[in-house]
Amino acid sequence: MPYITTNDGVRIFYKDWGTGQPVVFSHGWPLTADVWDNQLRLVAEHGFRGLAHDRRGGGRSDQPWNGNDMDTYADDLAALLDTLDLRDVVLVGHSTGGGEVTRYIGRHGTSRVDKVVLASAVPPHMAASMPIEVFDEIREGVAGDRSQYYRELALPFYGFNRPDAQVSQGAIDAFWMWSMQVGVKSAFECVRAFSETDFTEDLPRIDVPTLVAHGDDDQIVPFEASAPKTARLIPDATLQVYPGAPHGIRGDYEQAFNADLLTFIAK
């Protein structure tokens with residue numbers, strides 16, 4: 001399996017499918033690169049090179065004791081782009097991955113970046129818009145019976161707790177499997193990274209075309225706490241709202257997002 005090694009010696013696993021302009025996907029918490037498989041296949045089949053990595057602490061990447069913070073996540077992304085010498089990159093980040101992409105540009109600029117997609121992303125600053133008790137409850141779930149907690153978290157993540165929702169047991173099982181591959185310390189500390197990191201000064205540094213995509217029934221990263229504020233802070237941003245869509249990209253939301261993603265990156 002392919003890996004790159006960061007400056008602090010951590011091995012980061014990545015997938016690399018297809019050829020052409022690189023489209024690099026950063027995944028949400030508490031998942032792995034596998035959540036992007038459908039999109040990796042999609043872009044590779046349309047003449048792009050799709051890449052996605054497992055964030056440090058989970059999946060097939062190393063699980064170091066240190067570095068579970070947004071600055072280090074951004075530097076790990078930089079190590080991937082630098083090691084593979086990727087240029088004219090489209091960066092796509094979902095949820096925590098959107099924070100990772102935003103902080104990457106805040107720290108490393110856009111010299112390697114052509115476009116950005118922020119999907120259901122955590123910027124600009126979740127803890128400023130939501131009670132800290134919300135994130136304390138997440139930490140309690142991770143530190144306690146995390147296996148059961150992840151099974152229950154999958155319901156609001158995909159909107160399966162809404163009336164008339166078409167519940168997929170397979171999606172719940174996959175969410176649980178990916179989540180359980182993340183080390184408990186990494187998962188616990190990442191809650192602070194995605195909730196308490198303030199991206200307000202990073203967002204204006206995104207000086208490339210950006211698609212801000214968000215469902216208006218997102219129960220994990222509420223729409224009003226994120227997307228409109230983010231779009232206002234990015235100089236060249238397009239806000240795409242998906243009525244009734246949840247946090248997780250699946251079902252009708254996934255089909256609509258995939259079409260918008262292809263249109264955006266092909267411009």
Side-chain angles (χ1 to χ4, degrees), residues 1-17 22-36 40 49-87 89-113 116 118 121-127 135 138-139 142-143 146 178-203 205-206:
M1 295 190 294
Y3 290 88
I4 60 101
T5 302
T6 66
N7 290 335
D8 61 345
V10 175
R11 295 189 313 153
I12 300 293
F13 166 84
Y14 67 96
K15 300 184 179 192
D16 189 349
W17 298 356
V23 184
V24 178
F25 295 85
S26 291
H27 64 79
W29 177 94
L31 308 176
T32 73
D34 291 349
V35 73
W36 283 120
L40 288 170
R49 180 182 177 187
L51 303 99
H53 65 289
D54 288 343
R55 188 170 296 118
R56 68 166 57 206
R60 290 137 293 198
S61 293
D62 287 348
Q63 296 190 14
W65 187 251
N66 297 316
N68 302 302
D69 59 83
M70 200 58 68
D71 286 353
T72 305
Y73 298 156
D75 291 348
D76 289 349
L77 178 59
L80 178 69
L81 271 57
D82 293 347
T83 300
L84 301 181
D85 194 23
L86 302 177
R87 300 181 183 275
V89 177
V90 180
L91 291 177
V92 183
H94 175 259
S95 194
T96 297
E100 179 178 285
V101 166
T102 301
R103 180 51 54 92
Y104 165 82
I105 292 175
R107 288 172 68 82
H108 300 277
T110 56
S111 62
R112 292 186 178 273
V113 182
V116 169
L118 300 177
V122 296
H125 189 191
M126 289 189 71
F135 308 108
I138 297 173
R139 279 184 278 262
V142 173
R146 64 187 176 119
W178 296 326
S179 301
M180 290 300 294
Q181 292 176 31
V182 180
V184 64
K185 185 174 188 288
S186 302
F188 185 91
E189 293 184 348
C190 187
V191 177
R192 179 175 184 178
F194 74 65
S195 64
E196 297 185 33
T197 302
D198 186 351
F199 301 96
T200 303
E201 294 185 3
D202 299 306
L203 291 166
R205 297 174 184 169
I206 304 178

Original post:
Partners of Asp34 by salt bridge (Lys or Arg N to Asp or Glu O under 4.0 Å), sequence neighbours excluded?
Top reply: Lys15, Arg60
Original post:
What residues form a salt bridge (Lys or Arg N to Asp or Glu O under 4.0 Å) with Arg112, not counting sequence neighbours?
Top reply: Asp82, Asp85
[X] versus [Y], closest heavy-atom pair with distance:
{"X": "Ala193", "Y": "Tyr73", "value": "CB-CE1, 4.0 Å"}
{"X": "Asp198", "Y": "Arg103", "value": "O-NH2, 3.1 Å"}
{"X": "Val142", "Y": "Phe188", "value": "CG1-N, 3.9 Å"}
{"X": "Ser61", "Y": "Arg55", "value": "CB-O, 3.8 Å"}
{"X": "Ile4", "Y": "Ala79", "value": "CD1-CB, 3.9 Å"}
{"X": "Leu40", "Y": "Leu51", "value": "CD2-N, 3.4 Å"}

**OP:** Evaluate the ring planes of Phe13 and Tyr3, with Trp represented by its six-membered ring, and classify them as parallel (under 30°), tilted (30 to 60°) or perpendicular (over 60°).
**Re:** perpendicular
Original post:
Where does the angle between the aromatic ring planes of Phe194 and Phe135 fall among parallel (under 30°), tilted (30 to 60°) and perpendicular (over 60°)?
Top reply: perpendicular
Subject >> Salt bridge present between Asp75 and Arg107 (N-O < 4.0 angstrom) >> reply: yes
Original post:
Just wondering, more than 12 heavy atoms not from Arg192 lying within 6.0 Å of its CZ?
Top reply: no
Subject >> Heavy-atom donor-acceptor pair, Thr102 side chain to Gly98 backbone, under 3.5 Å >> reply: yes
Original post:
Hey, does the side chain of Trp29 reach the backbone of Ala187 with a donor-acceptor pair shorter than 3.5 angstrom?
Top reply: yes
Student check: side-chain heavy atoms of [X] and [Y] closer than 4.5 Å:
{"X": "Asp202", "Y": "Met70", "value": "no"}
{"X": "Val24", "Y": "Leu77", "value": "yes"}
{"X": "Pro2", "Y": "Asp16", "value": "no"}
{"X": "Cys190", "Y": "Asn68", "value": "no"}
{"X": "Pro22", "Y": "Val90", "value": "no"}
{"X": "Trp36", "Y": "His27", "value": "yes"}
{"X": "Ser26", "Y": "Val92", "value": "no"}

Subject >> Worked verdict on Asn66 versus Asp8 for side chain to side chain contact (heavy atoms under 4.5 Å, CB included) >> reply: CA-CA 10 Å; Asn66 297 316; Asp8 61 345; over 6 Å; no
Original post:
Do we see a donor-acceptor contact under 3.5 Å between the side chains of Gln181 and Thr32?
Top reply: no
Distance from [X] atom [atom1] to [Y] atom [atom2], nearest 0.5 Å?
{"X": "Thr110", "Y": "Ile105", "atom1": "OG1", "atom2": "CD1", "value": "6.5 Å"}
{"X": "Asp54", "Y": "Tyr14", "atom1": "CG", "atom2": "OH", "value": "12.5 Å"}
{"X": "Glu100", "Y": "Thr197", "atom1": "CD", "atom2": "OG1", "value": "11.5 Å"}
{"X": "Ile138", "Y": "Ser195", "atom1": "CD1", "atom2": "OG", "value": "7.5 Å"}
{"X": "Thr72", "Y": "Glu189", "atom1": "OG1", "atom2": "CD", "value": "10.5 Å"}
{"X": "Leu80", "Y": "Leu86", "atom1": "CG", "atom2": "CG", "value": "6.0 Å"}

**OP:** Give the intermediate values and the outcome of side chain to side chain contact (heavy atoms under 4.5 Å, CB included) for residues Arg56 and Thr6.
**Re:** CA-CA 10 Å; Arg56 68 166 57 206; Thr6 66; 3.7 Å; yes
Original post:
Sequence neighbours excluded, which residues qualify as side-chain contact (heavy atoms from CB on, under 4.5 Å) partners of Asp62?
Top reply: Val10, Arg11, Pro64
